[in-house]
Amino acid sequence: MSSGKPAVRLALLGCGTVGSEVVRLLHDQAEDLTARIGAPLELVGIAVRRLGRERGSLPVDPALFTTDALGLVKRDDVDVVIEVVGGIEPARSWLTEALRAGKSVVTANKALLAEDGATLHDAAAEGGADLYYEASVAGAIPLLRPLRESLHGDRVTRVTGIVNGTTNFILSSMDATGAGFGEALDEATELGYAEADPTADVEGFDAAAKAAILASLAFHTRVTAADVFREGMTGVTAADMASAKEMGCTIKLLCLAERGEDSSGQESVSVRVHPAMIPRSHPLASVGDAFNAVFVEAEAAGQLMFYGRGAGGTPTASAVLGDIVAAARNRLSGTRAPSESAYAHLPIRPIGEAVTRYHISLDVADRQGVLATVAGVFAQHEVSIATVRQSGRDEDATLVIVTHGAPDANLAATVEDLRELSIVRSIASVLRVEGSPA
Ligand code: NDP
Ligand code: HSE
């Protein structure tokens, strides 16, 4: 289809799991994209690390490939730079170069946005350029645009969800089939869900980066990865999962960002990522495979839920394509994407002040007075016990205690003191509990 208008010219940085699907969608949907934008899209170059890499039957001229990403970004015939490489450098240098030169940027790079989004937003403001990053959080799910635009008339109070597909795939497999951690991680990597270094997934860095991006948009405040309390899921054992099942729960790696008051009464935000037990009746409990789901709570809108594929080449490419269309339309009409909204400057509340509940599994000697001694430690730290369950006898007794909500600092101090008790042989596991009590 000919629109008569000159093409919007694209430079693609990265042609791996996501980039190759971007190439495919640009090719397969070329006619519709031209009709929607009002001009054709033209891919003028693709930067990769290894020119000789086998890339299957990509519908693209091999002459477009280069290893000189910066040279490609600087070319005069580039209107939009699409970055699907990942990492902090050299991606930051490429994107700031593009933005300062007034080129639109579409990126899926959550690590960079969470580490130093400020530099990108400042460069976009300086160059009068668009910065789009829908694919950086929750893959295919349209989530950032609703936060960035649709909810701008409301006041968001809380964002909770599952934002890492790899760990959700692993935890769902452990829950459903009792699969081992390593086996499930290998499968997630094979399916293209995991990061180049899967430590980023399993240790919670990827989810923390996404939490920072979500909190920045939700609370109009620059939140970086360093502001996010992070605990990965490598410590979750088959025994934890079995214990969760016995309580009618499952375990998920959650991201929680909330507005609230700190201990001095000042409005602040708390952002954390950690594994947590949730009741099976909780809507997040049924989110399986590499799916993501995010609840957004806002004062006027109430509760909203976003659900869909959170990882994988094609779903992520869908979000990238949406941003390319938006950026191309803006260029044709001379308009711009909404710029960064970070006027609120809310301070970050420390994890110690976050109110949560703990599930603690203790191996104790089953002697008279043990329960009273253990309960005394909770009372000392003003932590109220919701349930206690004992299994085994004599030297093999296990106590499973679930608390009511208390500040994390009190709960952590309770666990520290329990470790010091001679009647506690070991603390088998400590997990946070979210959702209404099981
Ligand atoms: P891959 O590792 O599959 O692809 C990375 C691409 O970047 C490869 O094509 C690689 O080249 C290229 N590359 C690496 N270093 C350079 C360099 N110095 N110069 C030029 N090209 C380079 O990653 P993904 O496609 O999985 O992820 C890309 C981005 O998208 C990351 O930021 C990731 O966090 C994000 N993302 C990924 C999702 C997923 O499900 N995979 C989902 C959402 C976001 P070569 O092909 O030659 O090796
Ligand atoms: N590694 C990421 C995940 C990719 O598993 O969620 C999507 O951002």
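Order of appearance sets the numbers: ligands from 1, and atoms from 1 within every ligand. This is a predicted model, so every value here is computed, not measured.
Rounding to the nearest 0.5 angstrom, the gap separating the CD1 atom in I46 from the OG1 atom in T67 is 13.5 Å. From L143, atom CG reaches atom CZ of F306 across 6.0 Å, with rounding to the nearest 0.5 Å. Note that the CG atom of N410 and the OG1 atom of T356 stand 12.0 Å from one another [nearest 0.5 Å]. To the nearest 0.5 Å, atoms CG (D323) and CG (L131) are separated by 9.0 Å. One finds the CG atom of L256 at 11.5 Å from the CG atom of L214 (value rounded to the nearest 0.5 Å). Here the CD1-CG distance, from I351 to D408, works out to 4.5 Å after rounding to the nearest 0.5 Å.
Numbered from 1 in the order shown, with element, the atoms of ligand 2 that lie under 4.0 Å from a heavy atom of E195 read 1 (N), 2 (C), 4 (C). Residue K210 has at least one heavy-atom neighbour below 4.0 Å for each of these atoms of ligand 2: 2 (C), 3 (C), 6 (O), 7 (C), 8 (O). Atoms of ligand 2 lying under 4.0 Å from at least one heavy atom of G165, given by number and element, are 3 (C), 5 (O), 6 (O). Within ligand 2, the atoms closer than 4.0 Å to a non-hydrogen atom of Y193 are 1 (N), 2 (C), 3 (C), 4 (C), 5 (O), numbered from 1 in the order shown. Of all atoms in ligand 1, listed by their number and element, those nearer than 4.0 Å to a heavy atom of N109 are 32 (O). Within ligand 1, the atoms closer than 4.0 Å to a non-hydrogen atom of C15 are 6 (C), 8 (C), 9 (O), numbered from 1 in the order shown. Close approach of ligand 1 to A311 is summarised as follows: ligand atoms under 4.0 Å from at least one heavy atom of the residue are 40 (O). With ligand atoms numbered from 1 in the order given, ligand 2 contributes 2 (C), 4 (C), 7 (C), 8 (O) to contacts under 4.0 Å with heavy atoms of K110. Atoms of ligand 2 lying under 4.0 Å from any heavy atom of N164, numbered from 1 in the order shown and given with element: 2 (C), 3 (C), 5 (O), 6 (O).
Ring orientation note: the planes of Y133 and H121 are nearly perpendicular, at an angle over 60° on the 30°/60° scale. Note on ring orientation: taking the six-membered ring where Trp is involved, the planes of H220 and Y343 are tilted (angle from 30° to 60°).
A donor and an acceptor atom, one from each side chain of N109 and T107, are nowhere located under 3.5 Å apart. Under the 3.5 Å distance criterion, with hydrogens and angles disregarded, no donor-acceptor pair is assigned to the side chains of T221 and H345. Counted by atom type alone, S243 and D240 present zero donor-acceptor pairs between their side chains at under 3.5 Å. Defined by atom type and a distance below 3.5 Å, a donor-acceptor pair is present between the side-chain atoms of E89 and S93.
In terms of protein heavy-atom proximity, atom 35 (C) of ligand 1 is nearest to A108 O, 3.5 Å. Looking only at protein heavy atoms, the nearest one to atom 17 (C) of ligand 1 is W94 CH2, 3.8 Å. The shortest contact between atom 5 (O) of ligand 2 and any protein heavy atom is with T166 OG1, 2.6 Å. Considering only non-hydrogen protein atoms, atom 11 (O) of ligand 1 sits nearest to R49 N, 3.1 Å. Annotation: atom 15 (N) of ligand 1 to nearest protein heavy atom, V85 CG1, 3.7 Å. When hydrogens are left out, the protein atom nearest atom 33 (C) of ligand 1 is E195 OE1, 3.5 Å; that is the closest non-hydrogen contact. Counting only heavy atoms of the protein, atom 42 (C) of ligand 1 lies nearest to T316 OG1, 3.1 Å. Residue, atom and distance of the protein heavy atom nearest to atom 36 (N) of ligand 1 are K110 NZ, 3.7 Å. Here the protein heavy atom with the shortest distance to atom 40 (O) of ligand 1 is G312 N, 2.7 Å.
For the pair G16 and ligand 1, the shortest N or O to N or O distance falls below 3.5 Å. By the 3.5 Å distance cut-off applied to N or O atoms, V18 is counted among the residues near ligand 1. Of the polar atoms of G14, none of the N or O atoms is found under 3.5 Å from an N or O of ligand 1, judged by distance alone. Considering both main-chain and side-chain atoms, G192 comes within under 3.5 Å of ligand 1 through a nitrogen or oxygen pair. Of the polar atoms of T67, none of the N or O atoms is found under 3.5 Å from an N or O of ligand 1, judged by distance alone. For the pair A69 and ligand 1, the shortest N or O to N or O distance does not fall below 3.5 Å.
Within the structure, ligand 2 lacks G139 among the residues with a heavy atom less than 4.0 angstrom away. Residue A196 places no heavy atom under 4.0 Å from ligand 1. Within the structure, ligand 1 has R55 among the residues with a heavy atom less than 4.0 angstrom away.
With distances taken over non-hydrogen atoms, the option nearest atom 46 (O) of ligand 1 out of R53, R50, R309 is R53.
Shown are V105, V73, V81; of these, the side-chain contact (heavy atoms from CB on, under 4.5 Å) with L99 is made only by V105.
The environment of E190 atom CD is sparse: at most 12 non-hydrogen atoms of other residues, nucleotides or ligands sit within 6.0 angstrom. Residue H27 places its NE2 atom among 12 or fewer non-hydrogen atoms of other residues, nucleotides or ligands, all under 6.0 Å distant.
Contact annotation for V137 and ligand 2: no heavy atom of the residue comes within less than 4.0 Å of the ligand. With a 4.0 Å cut-off on non-hydrogen atoms, D201 touches ligand 2 through its side chain and not its backbone.
Taking the ring axis of F205 as reference, the NZ or CZ atom of R230 stays within 45° of it and closer than 6.0 Å to the ring centre.
The protein does not reach atom 2 (O) of ligand 1 closely, with no heavy atom under 4.0 angstrom from it. Under the 4.0 Å distance rule, the nearest protein heavy atom to atom 23 (O) of ligand 1 falls outside the cut-off.
The nearest pair of heavy atoms linking D363 to A428 is OD2-CB, 4.3 Å.
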